[in-house]
K.L.:
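Mind looking over this structure? Questions follow.
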Amino acid sequence: MATTTPHAAAAHAKHETGPSRLVLNWLVLCGLTFATFGFSQLPISPGMHLAAALTISTVKVVLVVLIFMHLWHGEGINRIVFVTSFVFLLLLMFFVMADVVTRFPLSNSRIPPMPQVDQKMMPSGMPPGMSNVPQGHSGGPGPSSGEAGKQ
Amino acid sequence: MQSSAARKMTPEGWLEPPPLPHHYDTIENHQAALRFGMWLFLGTEVLLFAGIFLGYFVFRHYFPESFEQAARHLSVVLGTANTLLLLTSSLTVALAHHNAEHGKNRNAFWLLMASVSMGAGFLGIKAVEYTEKFHEGALPGKFFSFSEITAPGGPVFYVVYFFSTGLHALHVVVGMSLLTWVAIRCWRKEFSPTYYAPVENAGLYWHLVDLVWIFLYPLLYLV
């Protein structure tokens, strides 16, 4: 718009993302939103749905961070901060989920199984027909962790 | 930074930048420090929301049927509309940053106000959705009385739903307040090519709010 100090102008040119690129990025993000919706309507397995949704969301996040948040042209230190926070997020997710999905009932234990956790999640005063949890259903979250607690 | 009254208007049509704190060599140095501080804060925000997303994945693993049933009872149309609203508000915030950086304070003001309006629209749509859930009894924990979710774990889904969208909505309110504050400062023509860090940082916060929603939308509404 007007003149600035040469120093500021140089700092400027360094991280410039013009309006046209911002609008283009917005169009791509809207397109990807409809793509997420489209994928959710396809007749594929729930696991594939989750994978597709997370992949497209990750692409959208990368676009927002690089273009809207100027990390593409930004200082390297800020990139390290953000990438590190995401790495710790992934570590947390990975190890907790690795624990959760590999738990199993201690079938050779003499300790009787815990009451169903599923039942506990159903509030009392539920209308009849609501608590349709099959009795003796195993594989819930309770048994392995719960039995240890009972000892 | 607070008192703009004492600062003189430059010939270009914006206020002089605030006095440089003595421990910075240059104003660029100062702005880079402000930006770095904001990114550190956003890193802690990522970890705050990490707990919520972790809860989502753990409970989804335990109660897959009720999570799928509950997702079908959320309005995809309203969820998608909210996603597009937030994406568009992120665009206007990014454009406001661009304008403030070029000293076009009035343009930046109107773009920021557009973002704040879209934030309000987002909260309005959220309020419509919440009202519907309250009427259906699709509520967390012991308040759950929604007869259409028959699989176990319905109350747990709504714990995740209300806490994730609730914490996100709180961030939308904070973001709208920040954007309004920098919009007022734009109106007073405080920003220039050498000083625009407040617009940039409020914008970064708003983009983070958008990022969280980008993940919440498919996880809650679609899969």
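Every chain is numbered from 1, with letters handed out A, B, ... down the list of sequences.
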K.L.:
Identify which part of B:Val93 has an atom lying under 4.5 Å from any heavy atom of chain A, answering side chain, backbone, both or neither.
P.N.:
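Neither part, no heavy atoms under 4.5 Å.
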K.L.:
Please tell me if the side chains of A:Phe88 and B:Val46 come closer than 4.5 Å, counting only heavy atoms from C-beta onward.
P.N.:
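No - every pair of side-chain heavy atoms lies 4.5 Å or more apart.
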K.L.:
Side chain from CB out, backbone as N, CA, C, O: work out which of these in B:Gln31 comes under 4.5 Å of a heavy atom of chain A, or both, or neither.
P.N.:
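Neither the backbone nor the side chain of B:Gln31 comes within 4.5 Å of chain A.
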K.L.:
Check each atom of A:Leu71 against the heavy atoms of chain B and say whether the ones under 4.5 Å are side chain, backbone, both or neither.
P.N.:
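When you check distances to chain B, only side chain atoms of A:Leu71 fall under 4.5 Å.
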K.L.:
Using a cut-off of under 4.5 Å for heavy-atom pairs, which of B:Asp210, B:Leu84, B:Leu204, B:Leu87 has the most such pairs with chain A?
P.N.:
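Greatest number of close heavy-atom pairs with chain A: B:Leu87.
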K.L.:
Is the ring pair B:His207/A:Phe68 parallel, tilted or perpendicular, if the boundaries are 30 and 60 degrees?
P.N.:
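B:His207 and A:Phe68: parallel rings.
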K.L.:
Below 4.5 Å, heavy atoms only, C-beta onward: do B:Leu42 and A:Val81 meet side chain to side chain?
P.N.:
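No, their side chains stay 4.5 Å or more apart.
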K.L.:
Tell me, side chain or backbone of B:Phe53 under 4.5 Å from chain A's heavy atoms, or both, or neither?
P.N.:
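The answer is both parts of B:Phe53.
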K.L.:
Identify the two heavy atoms, one from B:His98 and one from A:Gly18, that lie closest to each other, and give their separation to 0.1 Å.
P.N.:
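In this case the closest contact between B:His98 and A:Gly18 is CE1-CA, 4.1 Å.
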K.L.:
Of the backbone (N, CA, C, O) and the side chain (C-beta and beyond), which part of B:Thr83 lies under 4.5 Å from a heavy atom of chain A, both, or neither?
P.N.:
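For B:Thr83, side-chain heavy atoms alone lie under 4.5 Å from chain A.
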K.L.:
Between A:Thr33, A:Asn25, A:Val64, A:Thr36, who has the most heavy-atom pairs with chain B when the cutoff is under 4.5 Å?
P.N.:
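Highest number of heavy-atom pairs under 4.5 Å: A:Thr33.
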K.L.:
To the nearest 0.5 angstrom, please state how far the CG atom of A:Asn78 sits from the CE atom of B:Met38.
P.N.:
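The CE atom of B:Met38 is 11.5 Å from CG of A:Asn78, to the nearest 0.5 Å.
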K.L.:
State the NE2-CD distance between A:His70 and B:Glu101, to the nearest 0.5 angstrom.
P.N.:
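These two atoms lie 6.5 Å from each other.
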K.L.:
Considering only heavy atoms, which portion of A:Met97 lies under 4.5 Å from any heavy atom of chain B: side chain, backbone, both, or neither?
P.N.:
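The side chain, not the backbone.
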K.L.:
Quick one: OH on B:Tyr217 to OG on A:Ser57, what's the gap to the nearest 0.5 Å?
P.N.:
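Atom-to-atom, B:Tyr217:OH and A:Ser57:OG are 9.5 Å apart.
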K.L.:
What part of A:Thr84 gets closer than 4.5 Å to chain B, counting heavy atoms only: side chain, backbone, both or neither?
P.N.:
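A:Thr84 has no heavy atom closer than 4.5 Å to chain B.
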K.L.:
How close do A:Met93 and B:Ala50 get, heavy atom to heavy atom, and via which atoms?
P.N.:
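Minimum heavy-atom contact is CE-O, 3.8 Å.
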K.L.:
Can you tell me which of B:Gly79, B:Pro218, B:Gly13, B:Gly203 forms the most heavy-atom pairs within a distance under 4.5 Å of chain A?
P.N.:
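Option with the greatest count: B:Pro218.
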K.L.:
Using the rule given for side chain to side chain contact (heavy atoms under 4.5 Å, CB included), can you reason through A:Phe82 versus B:Leu208, listing the C-alpha separation, both sets of side-chain angles and the distance that settles it, and then say yes or no?
P.N.:
CA-CA 11 Å; A:Phe82 207 60; B:Leu208 185 95; 4.3 Å; yes
K.L.:
Which region of A:Phe34, side chain (C-beta onward) or backbone (N, CA, C, O), has a non-hydrogen atom less than 4.5 Å from a non-hydrogen atom of chain B, or is it both or neither?
P.N.:
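Contact with chain B involves the side chain of A:Phe34 alone.
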K.L.:
Atom OH of residue position B:Tyr221 - does it have more than 12 heavy atoms of other residues, nucleotides or ligands inside 6.0 Å?
P.N.:
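Counting neighbours around OH of B:Tyr221, more than 12 heavy atoms of other residues, nucleotides or ligands fall under 6.0 Å, so yes.
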K.L.:
Do you know which of B:Leu47, B:Val58, B:Thr80, B:Thr44 has the most heavy-atom pairs under 4.5 Å to chain A?
P.N.:
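Option with the greatest count: B:Val58.
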K.L.:
Kindly indicate, with the supporting measurements, whether the criterion side chain to side chain contact (heavy atoms under 4.5 Å, CB included) is fulfilled by A:Val100 and B:Tyr62.
P.N.:
CA-CA 9 Å; A:Val100 166; B:Tyr62 288 149; 3.8 Å; yes
K.L.:
Could you look at B:Ser192 and say if it's the side chain, the backbone, both or neither that has a heavy atom under 4.5 Å from chain A?
P.N.:
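Neither part, no heavy atoms under 4.5 Å.
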K.L.:
Contact part of B:Ile214 toward chain A, heavy-atom cut-off under 4.5 Å: side chain, backbone, both or neither?
P.N.:
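Answer is both: backbone and side chain atoms of B:Ile214 are under 4.5 Å from chain A.
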K.L.:
With rounding to the nearest 0.5 Å, note down the distance linking CG in B:Leu211 to NZ in A:Lys60.
P.N.:
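Atom-to-atom, B:Leu211:CG and A:Lys60:NZ are 10.5 Å apart.
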K.L.:
Just wondering, do B:Phe49 and A:Leu89 contact through their side chains at under 4.5 Å, heavy atoms?
P.N.:
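Of all side-chain heavy-atom pairs linking B:Phe49 with A:Leu89, none is under 4.5 Å.
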K.L.:
Between A:Leu29 and B:Leu91, is any pair of side-chain heavy atoms under 4.5 Å apart?
P.N.:
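When only atoms from C-beta onward are counted, B:Leu91 and A:Leu29 do not touch, as no gap falls below 4.5 Å.
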K.L.:
Quick check for you: to the nearest 0.5 Å, what is the distance between B:Phe57 atom CZ and A:Leu50 atom CG?
P.N.:
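Spacing of CZ (B:Phe57) from CG (A:Leu50) equals 5.5 Å.
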K.L.:
Can you tell me how far CG of A:Leu22 sits from OG of B:Ser90, rounded to the nearest 0.5 angstrom?
P.N.:
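Output value for this atom pair is 10.5 Å.
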